[in-house]
Amino acid sequence: MKKRYALLLTGLLTLSLAAGCGAKTDNAGETSAPAVSESQAAESTEQTADVQNTADQGEKKTITGTIDEIKDFMFVITDESGAAYEFSFETAPEGLENVAGGDTVKVTYTGEISEVDPFNGTVISVEKQ
């Protein structure tokens, strides 16, 4: 009976992956976007950089927990209450190279963390406690 459920679940997962990966868009009939002048492009780039800098310069916060997993682009910590938080990054934050799975750490970051939503902020440092 367990094998049937396992096979059924595997089949359903395979079908859902195939359906999600098989989507294609038809670009026929689309018109191209109007040309943008260099000054408009530069202004847009500056505005994007200002938004990023504002997010990076937000209020610094800290959380203490145990490292569960470390990858090239993210790490996961679990706090004292058992809540797990995923911190993603483009470049490894200061101190991450000095910690390993199972270590208790203090993470300094800006932005917002959530157990269910992706991390939206910047990891500043990771300190082994």
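Remember, it's a predicted structure, so these values are computed and weren't measured experimentally.
- The minimum heavy-atom distance between P93 and F75, with the atom names listed, is CG-CE2, 4.3 Å.
- Within 6.0 Å of atom NZ in K61, more than 12 heavy atoms from other residues, nucleotides or ligands are found, so the atom counts as buried in its surroundings.
- When all heavy atoms of Q129 and V105 are compared, the closest pair comes out as CG-C, 3.8 Å.
- Atom OG1 of T108 and atom CD of E94 lie 9.0 Å apart (nearest 0.5 Å).
- Within 6.0 Å of CD in E90 there are 12 or fewer heavy atoms belonging to other residues, nucleotides or ligands.
- Put simply, CD1 on I77 and CD on E69 are 13.0 Å apart, with the number rounded to the nearest 0.5 Å.
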Could you check F87 against Y109 for ring pair (Phe, Tyr, Trp, His ring centres under 6.0 Å), going step by step and ending with a plain yes or no? CA-CA 9 Å; F87 291 90; Y109 64 95; 5.5 Å; yes

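- Between F119 and Y85, the ring center distance fails the sub-6.0 Å criterion.
- Judged purely by atom type and a 3.5 angstrom limit, D117 has no side-chain atom pairing as donor or acceptor with the backbone of S114.
- Annotation: N120, atom CG; neighbour count of heavy atoms from other residues, nucleotides and ligands within 6.0 Å does not exceed 12.
- Residues I70 and G101 approach most closely at CD1-N, 4.4 Å, considering heavy atoms.
- Of all heavy-atom pairs between A92 and L96, the closest is CB-CD2, 4.4 Å.
- Going from atom NZ of K128 over to atom CG of D103 covers 4.0 Å, rounded to the nearest 0.5 Å.
- Closest of all the heavy-atom pairs between A84 and V76 is CB-CG1, 4.2 Å.
- A distance of 9.5 Å separates CD in E80 from CD1 in I63, rounded to the nearest 0.5 Å.
- With rounding to the nearest 0.5 Å, the separation of CD in E127 from OG1 in T104 is 13.0 Å.
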Quick one, K60 with I124, criterion side chain to side chain contact (heavy atoms under 4.5 Å, CB included). Give me CA distance, side-chain angles, the key distance, then yes/no. CA-CA 8 Å; K60 290 183 181 179; I124 298 169; 3.7 Å; yes

